[in-house]
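Take a look at the structure set out below.
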Amino acid sequence: MVAKSGPSLIYRTHPYVRVYCALLVVITVALAPKPTTVAACALIALAACFAARLPVRKLLWGLVPLISMVAGLYFLGLLAGNNPNVESLHKSGLFLMRCWTAFAVFAALRTSIGWACFVKAVEFLRLPVLLTLVTGSILRWVDTLREEATNVNNARLLRGGNRRPIYRRSVDIGLISASLMIRSLVRAEDVANAMELRGFDGRLTRSLPMSIAPSDFCPLCLMAIILALLWWVP
Amino acid sequence: MSQPILAISELSVTYPNGHHALDRVAFTMLEGESVALVGANGAGKSTLLASIVGLVQSEGSVLVDGIPLRRNTLPDIRGVVQLLFQNPQDQLFLPTVADDVAFGPLNFGACAEDVPRLVAQTLKSLGIAGYEDRDPHRLSFGEKKLVALAAVMACGPKLLLLDEPSAGLDPRGRANLVRVLNNIDVAKLIATHDLEFARVVCSSAIVLLQGRVAAQGPIDDIVADHDLLESVLLL
């Protein structure tokens with residue numbers, strides 16, 4: 001067994017297993033026909049969030065765009081001539097619960113593992129190397145971009161950026177976005193140089209896998225059984 | 001007698017905006033030698049390092065381990081010479097330290113079964129054993145420098161180019177880097193304006209001023225020559 005760090009159960013499972021469990025729950029919640037199955041998956045997701053020590057504030061913030069999206073779709077439906085009956089409200093509520101559960105599962109996963117483990121876990125499934133390489137690069141880039149954006153924004157705030165009128169702040173945000181874009185292009189060029197210097201000639205290579213024992217898959221089997229029961233038991 | 005690992009003559013670099021970054025630079029380095037490339041900001045140190053590995057278009061002659069620098073010889077040259085970037089953030093791009101260190105050897109044809117052992121050995125030799133599964137992005141600056149150094153050392157270079165290796169390091173990280181570099185027995189060309197760092201790592205120095213070689217000789221003589229250092233804007 002590896003990766004036994006952290007106090008809660010979720011940190012005691014192998015990172016690959018966490019990824020596969022998350023994917024299983026998301027697939028189940030996306031396809032499950034019964035609201036009870038979706039609700040049970042939502043409870044599992046909530047438990048995973050608490051086990052991963054995900055701050056409640058983050059979990060609630062995730063609801064804002066989801067409620068906006070579902071409410072927007074509902075009202076668009078009304079504008080298109082759908083009847084505002086209980087059934088359509090029920091469907092929208094169920095859709096909201098599916099979306100939130102998927103969000104919560106990925107939020108718990110993101111809190112408990114780094115993007116590196118996610119990419120390795122996907123590679124372990126022997127998916128095409130181009131797909132995993134591109135996924136890894138995008139995740140890494142998003143991480144770097146977020147960090148740089150936070151640094152730049154902090155620098156802006158420390159120099160009184162939020163005391164300017166709102167239109168000036170919008171201009172600042174635009175300039176910062178442009179600057180981040182240029183910086184990421186320059187960084188991309190430097191990274192490309194570093195790769196080329198270490199012999200990269202366009203051939204795609206898989207990353208080094210983490211060691212995983214058959215016993216590490218026990219939690220995954222348990223999760224699969226639970227989800228199967230939730231799906232089939234009336 | 002040691003063979004020349006690097007022989008440069010009449011090397012000039014002109015950027016597209018017309019700026020002459022290097023002007024007829026010439027010097028030779030022997031196998032195993034450690035040479036400091038000192039100069040003020042904008043003297044052309046980084047450009048010189050980049051031109052040796054073919055990242056910058058240059059005129060003149062560059063021979064690395066007897067291989068002339070040309071477009072078609074770049075793969076061979078990069079098997080011999082490696083460059084440590086000033087910013088390790090730019091050099092580390094893979095999910096884990098082990099992947100990053102393994103990247104070069106795998107590209108240069110090392111046997112995939114031997115690579116994990118090579119990675120562990122390289123990390124151990126640099127005092128960062130056990131870092132294999134860590135995310136390079138989450139390390140401290142000093143640790144990133146060492147991991148970037150491990151990544152280039154794992155390629156087995158005969159000549160190591162280092163761009164401002166001591167920049168941004170705290171005294172402990174700097175002392176650690178000095179110890180590590182002094183234990184590496186490949187030839188090193190170190191671009192720096194940290195004269196004290198250069199003195200403890202290198203035996204000789206080349207002084208650049210506005211893209212030209214202003215002086216070269218034993219490091220102790222160069223550091224002791226205050227008039228020279230003042231004239232090249234290092235004092």
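In the text below, chain A, chain B and the rest are named by the order of the sequence lines, each starting its count at 1. Fair warning: this is a prediction, and the values are worked out from it, not measured in the lab.
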Query raised in the report: Can you pull out the residues in residues 39-68 of chain B with any heavy atom less than 4.5 Å from chain A?
Result: B:V53, B:L55

Report summary line: Cut-off 4.5 Å, heavy atoms of chain A, and the answer for B:A98 is both

Query raised in the report: Got a sec: does the CD of B:Q210 have more than 12 other heavy atoms crowding it under 6.0 Å?
Result: no

Query raised in the report: Do any of residues 70-88 of chain B come closer than 4.5 Å to chain A, heavy atom to heavy atom, and if so which ones, in number order?
Result: B:R78, B:Q82, B:L83, B:F85, B:N87

**Report entry** More than 12 heavy atoms from other groups under 6.0 Å of CD1 on A:I166
**Finding:** no

Query raised in the report: Would A:K120 and B:T96 satisfy side-chain contact (heavy atoms from CB on, under 4.5 Å), going step by step from the backbone distance to the final call?
Result: CA-CA 10 Å; A:K120 281 175 187 285; B:T96 62; 3.4 Å; yes

**Report entry** Interatomic spacing from OG in A:S211 to CG in B:D133 - rounded to 0.5 Å
**Finding:** 7.5 Å

Query - Side-chain (A:R187) to main-chain (B:Q89) donor-acceptor, under 3.5 angstrom - result: no

Query raised in the report: For the side chain of A:R198 and the backbone of B:L106, is there at least one donor-acceptor N/O pair under 3.5 Å apart?
Result: no

Report summary line: Answer key: most heavy-atom pairs under 4.5 Å with chain A among B:P105, B:A102, B:A151 is B:A151

Report task. For atom CE of A:M69, decide whether the heavy atoms of other residues, nucleotides or ligands shown that lie under 6.0 angstrom number more than 12. Result -> yes

Query raised in the report: Would you say A:F95 has more than 12 foreign heavy atoms packed within less than 6.0 Å of its CZ?
Result: no

Query raised in the report: Quick one: CG on B:D135 to CD1 on A:I113, what's the gap to the nearest 0.5 Å?
Result: 11.5 Å

Query raised in the report: So what's closer than 4.5 Å to chain B heavy atoms on A:E189: side chain, backbone, both or neither?
Result: neither

